[in-house]
A.B. asks: 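Structure provided below as structure tokens; questions to follow.
When a ligand or atom number is given, it counts from 1 through the structure's own listing order.
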Amino acid sequence: MEKFVVTGGNKLFGEVSISGAKNAAVAIIPAVILCDEPCTIENIPNISDVALIGRILQSMGAEIKRIDKSTLYIDPTHITTYCATNEMVRGMRASYYLLGALLGKYKKAKVALPGGCDFGVRPIDQHLKGFALLGADHDLINGAIIDLDCHGKLTGNHIYLDVVSVGATMNIMLAAVKAEGQTVIENAAKEPHIVDLANFLNSMGANIKGAGTDVIKIRGVEYLHGVTYSIIPDQIEAGTYMCAAAATRGAITVNNVTPKHLDSITAKLREMGVEVTEYDESVKIDATKRPLSKCNIKTMPHPGFPTDCQPQFAALLTTVPGTSIINENVWDNRYQYINEFLRMGAQISVESKLAIIEGGKELTAAPVKATDLRAGVALIIAALCAKGTTEISNIQFIERGYEDIVEKFSALGANIKKVYFRDDTDAKMNA
Ligand code: EPZ
């Protein structure tokens, strides 16, 4: 068993470099299936979700070579199947992108239902509605495998999404790239990783217009050629370190970011009294100059405040005197982690979509569990601010999405270690 052991009290200072965006990488890697030649993808984050999607593609016949830590060469030309049904597929939510990519390429797809972080019900009805409008029927085999078939032909169509869904927007885009005629996705999601996927597909010869707006037009093409493409920086990883610096009342520079992608996070930090200075590819956060004030947050699809930074901001707000209210407006059940915060002495109550935080009470160390990826990293932030040494278990969730997290936090002055436990009483420190 592995845990993070974090001793609180150190303010974060220094510089951190942000890796490529997880939620772009987990779509762009399966998107290579659509390509008729090999591709080289740069700025890939070295995280377990990326390793897993790579292994899934390899199990289907793709050749994958790691050129360096952040560059993958992927040759999809030897993929011999439209099926991805093994256990690995269930290990991550984003394996649903295999549906769109395989359907686009082979006009058929058989993919195991995805797993991933548990925020209650995570439907994919909008993905399936989009595929159906392109001409693909679906069957659910034994409640566990989705079988899509368009009988040899995908045809472009108008698709109105009933909810703004990142996954449905990207998945429909993947299938529509090789559909006949024009597909229009209305009420599309606008996250930076949607623009990144569209840019990647366009660089291979696809014809996608409007990504980043709520109407995306895709004209199908027959052939996609190989490219070298660099993934955008991870907006949420950047927001996490910005938040951690503010929570510890430190001052850091966050490098390799696109400041525009961080607008909603920057705005909230400024509202609280944190000084944020933007440069071309970095932002500087300074929380040393004045006391921070409470604030309210409502999560929304982009360009609103990202749900994937909600738990980290909850950690920050526990350190700020006064009552702050979070309104989680994207997921039904993204407050499981609050129980772990309560064990550390935080004063938070949850009423439906709202978390009401009475901030400014001292946090104290406790054994806690990551309940999902962002919840886990929020516990690290809380632990950095707490009195004493906190042990965080279930860290496999955190390692799904954060590259070199111990090294990056340590370089900023945090006291954090990854520790291997034989059991709860016998700890062996990582040499
Ligand atoms: C993506 O999930 C991200 N995951 C999530 O990040 C992120 O929280 C979420 O977008 C919202 O930004 C990946 O990119 C791999 P959605 P996704 O479809 O695509 C409802 C992280 O921590 N909905 O935009 O699965 C759904 O229930 C992860 O990095 C339907 O009703 O999210 C939710 O309420 C966790 N029907 C809302 O839409 C559907 O068919 C948004 O979900 C699809 C979604």
A.B. asks: At a 4.0 Å threshold, what atoms of ligand 1 neighbour a non-hydrogen atom of R334?
C.D. replies: 8 (O), 22 (O), 35 (C)
A.B. asks: Atoms of ligand 1 less than 4.0 Å from Y96 heavy atoms?
C.D. replies: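 Those atoms are 2 (O), 17 (P), 19 (O), 25 (O).
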A.B. asks: Only heavy atoms count here, so choose which of P123, A189, A25 is nearest to atom 39 (C) of ligand 1.
C.D. replies: P123
A.B. asks: Can a non-hydrogen atom of G401 be found less than 4.0 Å from any atom of ligand 1?
C.D. replies: no
A.B. asks: Can you tell me if Q182 uses its side chain to pair, donor with acceptor, with the backbone of N157 under 3.5 Å?
C.D. replies: no
A.B. asks: Is any side-chain heavy atom of L201 less than 4.5 Å from a side-chain heavy atom of M173?
C.D. replies: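 L201 reaches M173 side chain to side chain.
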A.B. asks: At a non-hydrogen distance cut-off of under 4.0 Å, which region of L128 contacts ligand 1 (side chain, backbone, both, or neither)?
C.D. replies: neither
A.B. asks: Heavy-atom pairs closer than 4.0 Å: do any link ligand 1 to the side chain of K22, the backbone, both, or neither?
C.D. replies: side chain
A.B. asks: Which of the numbered atoms in ligand 1 are below 4.0 angstrom from a heavy atom of V166?
C.D. replies: 10 (O), 12 (O), 16 (P), 18 (O), 19 (O), 24 (O)
A.B. asks: For V330, counting its heavy atoms only, list the atoms of ligand 1 lying under 4.0 Å from any of them.
C.D. replies: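 Near V330, the atoms of ligand 1 are 33 (C), 34 (O), 37 (C), 41 (C).
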A.B. asks: Do the non-hydrogen side-chain atoms of I216 and T169 ever get within less than 4.5 Å of each other?
C.D. replies: yes
A.B. asks: Taking 4.0 angstrom as the limit and counting only heavy atoms of R93, give me the atoms of ligand 1 inside it, by number and element.
C.D. replies: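 The list of qualifying atoms is 25 (O).
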A.B. asks: If only atom types and distance count, is the side chain of K129 paired as donor or acceptor with the main-chain N or O of Y160 below 3.5 Å?
C.D. replies: yes
A.B. asks: Pick from C39, C35, P38: which one makes a side-chain contact (heavy atoms from CB on, under 4.5 Å) with D75?
C.D. replies: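 Testing D75 for a side-chain contact (heavy atoms from CB on, under 4.5 Å) against C39, C35, P38 leaves exactly one candidate, P38.
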A.B. asks: Taking 4.0 Å as the limit for heavy-atom contacts, which would you say applies to D308 with ligand 1: side chain only, backbone only, both, or neither?
C.D. replies: side chain
A.B. asks: Any salt bridge linking K260 with E278? Criterion: basic side-chain nitrogen under 4.0 Å from a carboxylate oxygen.
C.D. replies: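 No, K260 and E278 are not salt-bridged.
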A.B. asks: Is any side-chain N of the basic residue among D36 and K178 closer than 4.0 Å to the acidic one's carboxylate O?
C.D. replies: yes
A.B. asks: Taking heavy atoms and a distance under 4.0 Å, where does Q126 meet ligand 1: side chain, backbone, both or neither?
C.D. replies: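 The answer is both.
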A.B. asks: State the atoms of ligand 1, each with its element, that fall below the 4.0 Å cut-off from a heavy-atom position in V163.
C.D. replies: 23 (N), 30 (C), 31 (O), 36 (N), 38 (O)
A.B. asks: Would one find an N or O of A168, backbone or side chain, under 3.5 Å from an N or O of ligand 1?
C.D. replies: no
A.B. asks: Check whether any N or O atom of G167, backbone or side chain, sits under 3.5 Å from an N or O atom of ligand 1, and answer yes or no.
C.D. replies: yes
A.B. asks: For M170, which part has a heavy atom under 4.0 Å from ligand 1: side chain, backbone, both, or neither?
C.D. replies: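 Contact part for M170 vs ligand 1: neither.
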A.B. asks: Is a side-chain donor or acceptor of E37 paired with a backbone partner of G226 at a separation under 3.5 angstrom?
C.D. replies: yes
A.B. asks: Whether R400 and D372 form a salt bridge (side-chain N of Lys/Arg under 4.0 Å from carboxylate O of Asp/Glu) is what I want to check.
C.D. replies: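 Salt bridge: no.
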A.B. asks: Which atoms of ligand 1 have any heavy atom of H127 under 4.0 Å away?
C.D. replies: 40 (O)
A.B. asks: Please report the interatomic distance OG1(T371) to CG(N333), rounded to the nearest 0.5 Å.
C.D. replies: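 Answer rounded to 0.5 Å: 9.5 Å.
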